[in-house]
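Heads up, the thing below is written out as structure tokens.
The chain is numbered in sequence order, starting from 1.
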Amino acid sequence: QVQLVESGGGLVQAGGSLRVSCAASGLHFRSRAMGWFRQAPGKEREFVAVIDYTGGQTYYSDFVKGRFTISRDNAKNTVYLEMNSLTSEDTAVYYCAANRGVLGNRDDRGYDYWGQGTQVTVSS
């Protein structure tokens, strides 16, 4: 049974930082690109970042580029999203997802397993 379990969400002040984690089990983590998506109230789910299976290549949405960093530890089957300079616009439920391939992409149709999400709230 595949499980992706996010943690680390919470309440943070604008300008602050937060790191969310996603622990994977039940799948061959090392052969999967991993992505982060988010969904704000009343909005559609949107792509945030993706990292390839080795951790050597990353890709970000324009609205987080330079502020967020995605990384992974294949020994721990865990992917991380470090978020800095947070604004109220970053308030959302953050989801990690496992891509079907090794390189990943921003299209959520390429992901076949999803976590339950972790709430990130940025107070202004």
Side-chain angles (χ1 to χ4, degrees):
Q1 180 183 359
V2 175
Q3 282 193 311
L4 300 178
V5 180
E6 299 98 335
S7 61
L11 176 64
V12 62
Q13 288 189 332
S17 299
L18 203 61
R19 187 177 81 159
V20 291
S21 304
C22 171
S25 60
L27 77 169
H28 196 243
F29 184 78
R30 296 167 184 260
S31 65
R32 298 265 196 154
M34 296 295 294
W36 285 97
F37 291 76
R38 70 185 187 185
Q39 187 167 22
K43 294 186 177 181
E44 293 187 352
R45 185 171 60 194
E46 61 184 359
F47 167 79
V48 175
V50 63
I51 188 166
D52 79 341
Y53 71 118
T54 68
Q57 293 187 48
T58 57
Y59 180 70
Y60 299 91
S61 283
D62 287 344
F63 52 78
V64 304
K65 200 174 295 183
R67 299 189 299 125
F68 290 12
T69 302
I70 188 171
S71 62
R72 67 189 294 159
D73 185 339
N74 283 348
K76 296 182 178 179
N77 284 6
T78 301
V79 61
Y80 306 96
L81 185 68
E82 180 77 31
M83 302 180 287
N84 299 311
S85 302
L86 287 162
T87 74
S88 58
E89 299 287 306
D90 297 314
T91 294
V93 177
Y94 284 72
Y95 299 90
C96 73
N99 193 269
R100 292 184 176 88
V102 297
L103 297 180
N105 50 58
R106 63 184 303 143
D107 187 343
D108 61 3
R109 293 172 296 179
Y111 296 80
D112 53 356
Y113 295 106
W114 294 80
Q116 82 290 346
T118 186
Q119 177 70 48
V120 172
T121 303
V122 184
S123 64
S124 55

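Among residues two or more places apart in sequence or in another chain, the ring-ring contact (aromatic ring centres under 6.0 Å, His included) test is passed with Tyr94 by none.
Think of Val102 as one node in a network of Ile, Leu, Val, Met, Phe, Trp and Tyr side chains linked at under 4.5 Å; its network also takes in Tyr53, Leu103.
Side-chain atoms of Ser85 never come within 3.5 Å of backbone atoms of Gly15 as a donor-acceptor pair (strictly under, hydrogens ignored). A distance-only check finds a donor-acceptor pair linking the side chain of Asp52 to the backbone of Gln57 [under 3.5 Å]. Judged by distance alone, with hydrogens and angles left aside, the side-chain atoms of Glu6 form a donor-acceptor pair with the main-chain N or O of Gln116 at under 3.5 Å. Remark: the backbone N or O of Met34 is not paired with any side-chain donor or acceptor of Asn99 at under 3.5 angstrom.
Between Arg32 and Asp112 there is a salt bridge, since at least one side-chain N of the basic residue sits less than 4.0 Å from a carboxylate O of the acidic one.
A distance of 6.0 Å or more separates the ring centres of Tyr95 and Phe37.
A side-chain contact (heavy atoms from CB on, under 4.5 Å) with Val50 holds for exactly one of Tyr60, Trp36, Tyr111; it is Tyr111.
Heavy-atom minimum distance, Ser124 versus Ala14: CA-CB, 4.1 Å. Of all the heavy atoms in Gly26 and Val2, the pair that sits closest is O-CG2, 3.3 Å. Taking both residues in full, the closest heavy atoms of Arg38 and Glu89 are given as NH2-O, 3.8 Å, listed atom of the first, atom of the second, then distance. Smallest separation of non-hydrogen atoms from Ile51 and Ser71: CD1-CA, 3.6 Å.
Residues Phe29 and Tyr113 share a hydrophobic cluster, clusters being chains of Ile/Leu/Val/Met/Phe/Trp/Tyr side chains in contact below 4.5 Å. Residues Trp114 and Phe47 fall within the same hydrophobic cluster, defined by Ile, Leu, Val, Met, Phe, Trp and Tyr side chains chained together at heavy-atom separations under 4.5 Å.
The closest side-chain heavy-atom distance from Leu18 to Val120 is below 4.5 Å. Using a 4.5 Å heavy-atom cutoff, the side chains of Arg67 and Asp90 are in contact. Taking 4.5 Å as the limit, every side-chain heavy atom of Val93 sits out of range of all side-chain heavy atoms of Thr118. Using a 4.5 Å heavy-atom threshold, the side chains of Ser61 and Arg106 count as touching. By the 4.5 Å heavy-atom criterion applied to side chains, Tyr80 and Asp73 are counted as neighbours. Within the 4.5 Å cutoff, the side chain of Leu81 has heavy atoms near those of the Met83 side chain.
The neighbour count for Gln119 CD, taken as heavy atoms of other residues, nucleotides or ligands under 6.0 Å away, is above 12. Within a 6.0 Å sphere centred on NZ of Lys43, heavy atoms belonging to other residues, nucleotides or ligands number 12 at most.
With 3.5 Å as the limit, one finds a donor-acceptor pair spanning the side chains of Asn84 and Ser17.
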Can Ser123 and Leu11 be said to form a side chain to side chain contact (heavy atoms under 4.5 Å, CB included), step by step? CA-CA 7 Å; Ser123 64; Leu11 176 64; 4.2 Å; yes
